[in-house]
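Written out below as structure tokens is the structure these notes cover.
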There are 2 protein chains.
Amino acid sequence: MEDGTSMSATHTDVRATTSCEIRDLLDRLADKWSLLVVELLGSGTRRFSELDRDIEEISQRMLTLTLRNLERDGLVSRTVHPVVPPRVDYALTGLGESLLAAVHPLVSWTRAHRDEISTARESYDSRRGHEGGR
Amino acid sequence: MEDGTSMSATHTDVRATTSCEIRDLLDRLADKWSLLVVELLGSGTRRFSELDRDIEEISQRMLTLTLRNLERDGLVSRTVHPVVPPRVDYALTGLGESLLAAVHPLVSWTRAHRDEISTARESYDSRRGHEGGR
DNA sequence: CGGAATCCGGGGTGATACTG
DNA sequence: CAGTATCACCCCGGATTCCG
């Protein structure tokens, strides 16, 4: 992982540094569900089953794994209530909320340019769409 | 794909809507390299081989695929110079630049909280780290 | 109810070789 | 130089089952 070959800094390696940041970011959040869960928790504490229901398409397994990772990174807090039946609440930590804030521009961007992207995509596809793939 | 069961809108589906945005976003950019390439192109036009060298860990195959996708979505422009040897330049489109701007807060966030996350992670691991995985 | 363990398939990803 | 094609691998993620 840490190839560390940062000696290739012929010139300023601001690029390389930024690359690492992004790599870091991607490795942590570029999975299928993390940001989604963070976004949901942004509107308040939720129980496991609530998250499960709200996302629907997610499997319990992935919800659990996602929450674990987020908890591990200090983005989400997990609170177990010693009652029967068990009740576990998840919420964003301060760190998680700051992430959510940082993500928001990206969400807005997606919303704002969704159509543009669709158009570009269709245009591209029709240009070479043709021969049904294989 | 489109399970489309959006009829479950018992109450306001603002959440669901946002979820879709994020899903959209993730499906498009949450791969291993897209954001990285966008970030690199943010500092100016680059040739294929330059990108290849700058990222290093990426394979030609993935660089090609990534660039194709970005081009398809209208985020990156591709310019072929009819010379020998071939020269192809890649650059961000206006749309791509706007994406970059939207991503920047996230990059800053990562840089700012990298340590916090590492700490949280180590703490979490040491709490249950124990038995070296498997 | 919340979660862990297991099994399993698909596809995203990498390495390599070939082409224009 | 800038790709494309093919193969093989690995791991993400879904379905299911069992546990406290």
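A, B, ... follow the sequence lines: proteins, then strands. Residue 1 opens every chain. Fair warning: this is a prediction, and the values are worked out from it, not measured in the lab. Only this structure's heavy atoms are used, side chains among them; waters, hydrogens and symmetry mates stay out.
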List the protein contact pattern of nucleotides 9-17 of chain D with one symbol per nucleotide (5' to 3'): B for base contact, S for sugar-phosphate-only contact, - for none; contact means a heavy-atom distance under 4.0 Å.
----BBB--
Send over the distance from [X] [atom1] to [N] [atom2], rounded to a whole Å.
| X | N | atom1 | atom2 | value |
| --- | --- | --- | --- | --- |
| B:L63 | D:dC1 | CG | P | 14 Å |
| B:D52 | C:dG14 | CG | P | 12 Å |
| B:D54 | D:dA2 | CG | P | 12 Å |
| B:E56 | C:dG14 | CD | P | 14 Å |
| B:E71 | D:dA2 | CD | P | 15 Å |

If the test is side chain to side chain donor-acceptor pair (under 3.5 Å), which one of A:R46, A:R78, A:E71 qualifies with A:Y90?
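Considering A:R46, A:R78, A:E71, a side chain to side chain donor-acceptor pair (under 3.5 Å) with A:Y90 is found only for A:R78.
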Once salt bridge (charged side-chain N to carboxylate O under 4.0 Å, His left out) is applied, do any residues pair with B:R72, and if so which ones, sequence neighbours excluded?
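Once residues adjacent in sequence are excluded, the partners of B:R72 under the salt bridge (charged side-chain N to carboxylate O under 4.0 Å, His left out) criterion are A:D125.
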Just to verify, what does B:R114 make a salt bridge (charged side-chain N to carboxylate O under 4.0 Å, His left out) with, not counting sequence neighbours?
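Applying salt bridge (charged side-chain N to carboxylate O under 4.0 Å, His left out) to B:R114 gives A:E21, A:D24.
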Please check the phosphate of C:dG3 (OP1 and OP2 only) for any side-chain N or O of A:Y90 closer than 4.0 Å.
yes
Would you indicate which nucleotide in C:dG3, D:dC1, D:dG3 comes nearest to any side-chain atom of B:P86?
D:dC1
Does any N or O in the side chain of B:R121 come within less than 3.5 Å of the main-chain N or O of A:N69, such that one atom is a donor and the other an acceptor?
no
Do B:T64 and B:R68 have a side chain donor and acceptor closer than 3.5 Å?
no
Trace of the side chain to side chain contact (heavy atoms under 4.5 Å, CB included) decision for A:Y124 with A:R127
CA-CA 5 Å; A:Y124 182 95; A:R127 238 173 299 156; 4.2 Å; yes
Under 4.0 Å between any heavy atoms, over every strand shown, what does B:R78 touch: base, sugar-phosphate, or nothing? Just pick one.
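Sugar-phosphate, backbone atoms only, no base.
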For B:R53 and for B:R68, locate the closest nucleotide of DNA chain D by heavy-atom distance; then report the residue assigned to the nucleotide nearer the 5' terminus.
B:R53
